[in-house]
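One structure is given here, and the rest of the page talks about it.
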Amino acid sequence: MKIVDLSRELHHRSVTYPGHPPVIHGIWKNHEEAFAESKNVYGLSSMFISMPDHGGTHIDAPRHFGPHGIPINEYPLEKCIVPGICIDLRHIAPRAEITPADLEAAVKRAGVAVPKGGTVLLCTGHHERTFPRKEYSTDNSGVNVAATEWLAKQGIVHFGIDSMRPGPDGDVNLLVHKACLDLDITHIESLCNLEALLGRGPFTFIGLPMKWREGTASPIRAVAVFDM
Ligand SMILES: [Zn+2]
């Protein structure tokens with residue numbers, strides 16, 4: 001079994017979506033303090049975390065798209081371990097829309113079928129090109145509504161992308177989110193390292209969310225597993 005890590009590293013002040021709260025990762029107790037507290041028996045260090053539910057590599061819950069969508073704690077785990085493919089869209093210009101024709105051509109070039117009940121990871125090259133510069137937050141290419149509909153029609157449960165939003169920044173991105181609700185699919189954002197999957201054929205995608213009550217998303221440790 002070979003595992004490819006597709007998750008961004010999280011750390012204090014790691015980049016978050018424009019307007020969202022910061023990621024805070026601090027020391028609650030260090031080893032020295034804990035050692036003294038234990039009356040010199042043994043010291044155990046611990047840290048604390050505060051972050052937006054859309055921080056780092058994460059999956060959007062349908063609740064993000066509308067008040068009646070299911071929250072992340074109710075998102076079916078069956079949809080979190082699924083067959084996947086990765087397609088090469090690195091030729092699409094920054095901020096441009098990825099169309100159904102682009103997807104169709106990229107799937108054809110990949111030489112693999114879109115897995116029913118699975119996921120399609122869109123390697124736009126955006127993370128590789130811009131992270132962690134400020135363009136990472138603004139300049140991504142992404143699917144338009146027609147491309148989102150095309151993906152849903154292939155029978156996927158979600159798709160993933162190596163940027164902070166599934167569509168290019170602006171109205172298109174908002175309407176792609178609405179389309180996901182209408183089509184009963186979702187998407188995974190801020191993936192990285194998708195280049196490592198290109199040309200390697202199908203894999204098992206695993207991305208399990210935390211069980212946040214009424215949550216609109218959750219960070220996941222996203223991985224692709226080969227030869228499982
Ligand atoms: Zn999100």
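From a predicted model like this one, the values you see are computed outputs, not experimental measurements.
- Here the options are Leu198, Val4, Leu122, Leu191, the test is side-chain contact (heavy atoms from CB on, under 4.5 Å), and the partner is Cys86; only Leu198 passes.
- The backbone N or O of Glu214 lies less than 3.5 Å from a partner atom in the side chain of Asn73, making a donor-acceptor pair.
- Side chain to side chain, His126 and Asp162 fail the donor-acceptor criterion of an N or O pair below 3.5 Å.
- The CD1 atom of Ile49 lies 11.5 Å from the CD1 atom of Ile24; values are rounded to the nearest 0.5 Å.
- For the residue pair Thr138/Asp169, the side-chain donor-acceptor check at 3.5 Å is not satisfied.
- In this structure, the side chains of Met51 and His58 stay at 4.5 Å or more apart for every pair of heavy atoms.
- Between the Asn140 side chain and the Arg165 main chain, a donor and an acceptor come within less than 3.5 Å of each other.
- Ring geometry for His20 versus His54: interplanar angle over 60°, hence perpendicular rather than tilted (30 to 60°).
- Interatomic distance, Leu89 CG to Leu103 CG, rounded to the nearest 0.5 Å: 6.0 Å.
- The closest donor-acceptor contact from the side chain of Lys116 to the backbone of Gln154 lies under 3.5 Å.
- Of the possible polar contacts, none joining the Ser46 side chain to the Trp28 backbone as a donor-acceptor pair under 3.5 Å is found.
- In this structure, CG in Asp88 is found 11.0 Å from CG in Leu197, a value given to the nearest 0.5 Å.
- Note that CG of Leu194 is 6.0 Å distant from CG of Leu6, once rounded to the nearest 0.5 Å.
- Without hydrogens or angle criteria, Arg8 side chain to His127 main chain gives no donor-acceptor distance under 3.5 Å.
- Here Arg90 does not pair with Glu128 in a salt bridge; the nearest charged N to carboxylate O distance is not below 4.0 Å.
- Residues His187 and Glu189 bring a donor and an acceptor atom of their side chains to less than 3.5 Å of each other.
- Between the side chain of Asp139 and the backbone N or O of Pro94, no donor-acceptor pair lies under 3.5 Å.
- Between the side chains of Thr119 and His158, a donor-acceptor pair is found at a separation under 3.5 Å.
- Summarising the geometry, atom OG1 belonging to Thr186 is positioned 7.5 Å from atom CD1 belonging to Ile72; distances are rounded to the nearest 0.5 Å.
- Between the side chain of Thr216 and the main chain of Arg63, no donor-acceptor pair closer than 3.5 Å is present.
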